[in-house]
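If you read the sequence from its start, that first residue is 1, and numbering goes on from there. Model, not experiment: these values are computed from the prediction.
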Amino acid sequence: AIDASYSGPLTIPSEANGYRVVKIGNYALADTPNLTAVYIPDGAYQLAFNAFENSGLTSVRVPNNADVYGDNNLGYHDVYIASKAFLNCKRLAAIEFPESYLIVKQTYEAYEGGTELTVGYLHIESKAFMGCVSLKSVRLPEGTKYAYSDAFTDCTGLEEITLPSSLQSMGQGSQGAFNVSRGNTLGRLKSVYSYMTEPIKICGNEFGWKETYTSYGGAVQDTIFDAQGMTATLYVPVGTKQKYESTYCWYHFPNIVELPSLTAVEPVRSLPMAGEACYGLDGRKQPLPRRGLNIVRRADGTIRKVFVK
């Protein structure tokens with residue numbers, strides 16, 4: 001942890017005291033009102049519980065999933081933003097995610113029956129960004145797998161949300177990822193962009209909506225839907241409008257528009273690729289090109305050099 005009086009931006013080093021930085025610990029930078037920005041290095045793939053809670057952050061750079069230390073033979077890690085990591089960072093106005101996370105998959109035949117391992121996803125856990133009222137836009141990158149319940153609750157300044165095709169779950173139980181507590185609304189929300197060709201199940205209070213159920217003897221008697229002045233437009237891939245219009249809660253959007261530019265992206269890459277083999281400059285075989293210069297042997301036997309930034 002740093003002193004609460006720390007002021008200004010902070011660049012977290014990739015190494016400290018001879019150890020590699022792979023995790024920002026619990027409460028490590030919490031309650032630092034004068035901390036304005038933080039740059040988290042690639043390789044720090046765990047942002048722990050309450051790591052930045054109640055800080056004065058105005059911007060944060062979230063690391064990508066590359067295994068920069070070479071301790072994972074797939075070359076990538078899952079990235080975790082833990083519960084309440086940025087809770088009540090009321091000045092946080094910008095989250096810089098990578099454009100996308102490359103998801104890699106490999107089957108290990110050495111194990112009985114073969115064991116498939118898939119890594120590289122981004123997980124945003126419960127209440128991770130709850131109460132970040134200055135956020136105007138959240139663009140979840142391709143490779144985001146989960147945005148758990150209350151992940152962005154009470155981010156009342158939101159005007160735009162982008163959801164990737166890789167998203168498998170949003171919210172949990174009866175609580176949505178983008179919802180509000182009593183007395184708050186998402187009245188400024190204007191646009192939601194979904195790259196999903198198959199709309200996933202969402203909760204009744206997602207996007208600030210409220211559905212009230214009254215029951216008698218265990219049977220639901222009435223359902224009251226309150227859009228709270230919702231005027232946002234939902235933009236979806238071409239050919240999917242009817243699916244969204246017939247899917248629970250998505251159909252509450254007053255306007256659903258198909259956009260050709262919303263082309264779903266398949267973030268999962270299987271290994272090895274089409275007979276290719278990749279090697280480091282030391283001649284050792286590796287599953288994917290890594291940062292710097294790589295040697296790639298194609299299926300036809302030709303050799304090429306590949307530089308990865």
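Around the CD atom of Gln242, the shell of radius 6.0 Å holds no more than 12 heavy atoms that belong to other residues, nucleotides or ligands.
Considering only heavy atoms from C-beta on, Tyr193 stays 4.5 Å or farther from Leu234 through its side chain. When side chains are defined from C-beta on, Ile202 counts as touching Trp250, because their heavy atoms get closer than 4.5 Å. Using a 4.5 Å heavy-atom threshold, the side chains of Ile124 and Phe129 count as touching. When side chains are defined from C-beta on, Ile200 does not count as touching Gln168, because their heavy atoms never get closer than 4.5 Å. Side-chain contact between Asn64 and His77 is absent, with no heavy atoms from C-beta onward closer than 4.5 Å. A heavy-atom distance below 4.5 Å is found between the side chains of Val62 and Ile95. Side-chain contact between Val192 and Tyr235 is absent, with no heavy atoms from C-beta onward closer than 4.5 Å. Side-chain contact check for Leu35 versus Leu29: some heavy-atom pair is nearer than 4.5 Å.
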If you look only at distance, which donor and acceptor atoms sit under 3.5 Å apart when one is on a side chain in residues 52-59 and the other is two or more places apart or in another chain?
{"residue": "Glu53", "atom": "OE1", "partner": "Asn50", "partner atom": "ND2", "Å": "2.6"}
{"residue": "Asn54", "atom": "ND2", "partner": "Asp31", "partner atom": "OD1", "Å": "3.4"}
{"residue": "Ser55", "atom": "OG", "partner": "Phe52", "partner atom": "O", "Å": "3.0"}
{"residue": "Thr58", "atom": "OG1", "partner": "Thr36", "partner atom": "O", "Å": "2.8"}

Yes or no on side-chain hydrogen bond (donor to acceptor under 3.5 Å, both in side chains) for Glu142 and Ser165, after CA distance, side-chain angles and deciding distance?
CA-CA 7 Å; Glu142 284 296 336; Ser165 64; 2.9 Å; yes
Requested in this report: Could you give me the CA-CA distance, side-chain angles and deciding distance for Asp42 and Arg61, then say whether salt bridge (Lys or Arg N to Asp or Glu O under 4.0 Å) is met?
Outcome: CA-CA 10 Å; Asp42 295 332; Arg61 185 264 188 189; 2.8 Å; yes
Could you walk me through whether Met196 and Leu163 satisfy the side chain to side chain contact (heavy atoms under 4.5 Å, CB included) test, starting with their C-alpha distance in whole Å, then the side-chain angles of each, then the deciding distance to 0.1 Å, before giving a yes or no?
CA-CA 8 Å; Met196 294 177 284; Leu163 306 172; 4.2 Å; yes
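For Phe49, there are no ring-ring contact (aromatic ring centres under 6.0 Å, His included) partners at least two apart in sequence or on another chain. With sequence neighbours excluded, the residues forming a side-chain hydrogen bond (donor to acceptor under 3.5 Å, both in side chains) with Tyr244 are Ser194, listed by chain and number. Residues that satisfy the salt bridge (Lys or Arg N to Asp or Glu O under 4.0 Å) test with Lys243, not counting sequence neighbours, are Glu198.
Neither Val133 nor Leu135 shares a network with the other; the hydrophobic side chains, linked directly or stepwise wherever heavy atoms of I, L, V, M, F, W or Y lie under 4.5 Å apart, form separate groups for each. By the rule that hydrophobic residues join a cluster once side-chain heavy atoms approach within less than 4.5 Å of another member, Tyr195 and Val238 end up as members of separate clusters. Both Val38 and Val79 are members of a single hydrophobic cluster when ILVMFWY side chains are connected at heavy-atom separations under 4.5 Å. Hydrophobic clustering (side-chain heavy atoms under 4.5 Å, transitive across Ile, Leu, Val, Met, Phe, Trp, Tyr) groups Met170 together with Val138. With hydrophobic clusters built from ILVMFWY side chains whose heavy atoms lie under 4.5 angstrom apart, Tyr80 does not share a cluster with Ile40.
Checked by atom type and distance alone, the side chain of Arg91 pairs as donor or acceptor with a backbone atom of Pro33 at under 3.5 Å. For Asp3 (side chain) and Ser5 (main-chain N/O), a donor-acceptor pair under 3.5 Å exists by modelled atom type. Tyr251 places no side-chain N or O within 3.5 Å of a backbone atom of Pro254 that could act as its donor or acceptor partner. The backbone N or O of Ser134 sits nowhere less than 3.5 Å from a side-chain atom of Lys136 that would complete a donor-acceptor pair. Under the 3.5 Å distance criterion, the side-chain polar atoms of Asn34 are left unmatched by any main-chain donor or acceptor of Tyr6. No donor-acceptor pair closer than 3.5 Å links the side chain of Asp154 to the backbone N or O of Met130. Gln172 contributes no side-chain N or O that, together with a main-chain N or O of Ser149, makes up a donor-acceptor pair within less than 3.5 Å.
Each ring-ring contact (aromatic ring centres under 6.0 Å, His included) pair with one or both residues in residues 170-192, not counting sequence neighbours, appears once here: Phe152-Phe178.
Here the closest non-hydrogen pair linking Pro41 and Pro13 is CG-O, 3.6 Å. Between Pro98 and Pro141, the shortest heavy-atom distance links the atoms O-CB, 3.1 Å. Residues Ala48 and Ala82 share a closest heavy-atom pair of C-CB, 3.5 Å. In this structure, Cys203 and Gln175 approach most closely via the heavy-atom pair SG-O, 3.3 Å. Between Thr240 and Thr197 the shortest heavy-atom distance is CG2-O, 3.6 Å. When all heavy atoms of Ala44 and Leu47 are compared, the pair lying nearest together is O-CD2, 4.2 Å.
The line from CG of Leu140 to OG of Ser100 is 13.0 Å long, rounded to the nearest 0.5 Å. Note that the CG atom of Asn255 and the OG atom of Ser191 stand 10.0 Å from one another [nearest 0.5 Å]. Rounded to the nearest 0.5 Å, atoms OG (Ser169) and NE2 (His123) are 11.5 Å apart. Here the straight-line distance linking atom OG of Ser166 with atom NZ of Lys145 works out to 10.0 Å at 0.5 Å rounding. Taking CD1 of Ile12 as the start and CG of Leu10 as the end, the distance is 5.5 Å to the nearest 0.5 Å. In this structure, Ile81 CD1 and Tyr45 OH are separated by 15.0 Å, a value rounded to the nearest 0.5 Å.
Asn179 and Glu206 are not linked by any side-chain donor-acceptor pair at a separation below 3.5 angstrom, with hydrogens and angles left out of the test. For the residue pair Ser126/Asp150, the side-chain donor-acceptor check at 3.5 Å is not satisfied.
Under the 4.5 angstrom side-chain criterion for Ile, Leu, Val, Met, Phe, Trp and Tyr, the cluster partners of Tyr148 are Tyr146.
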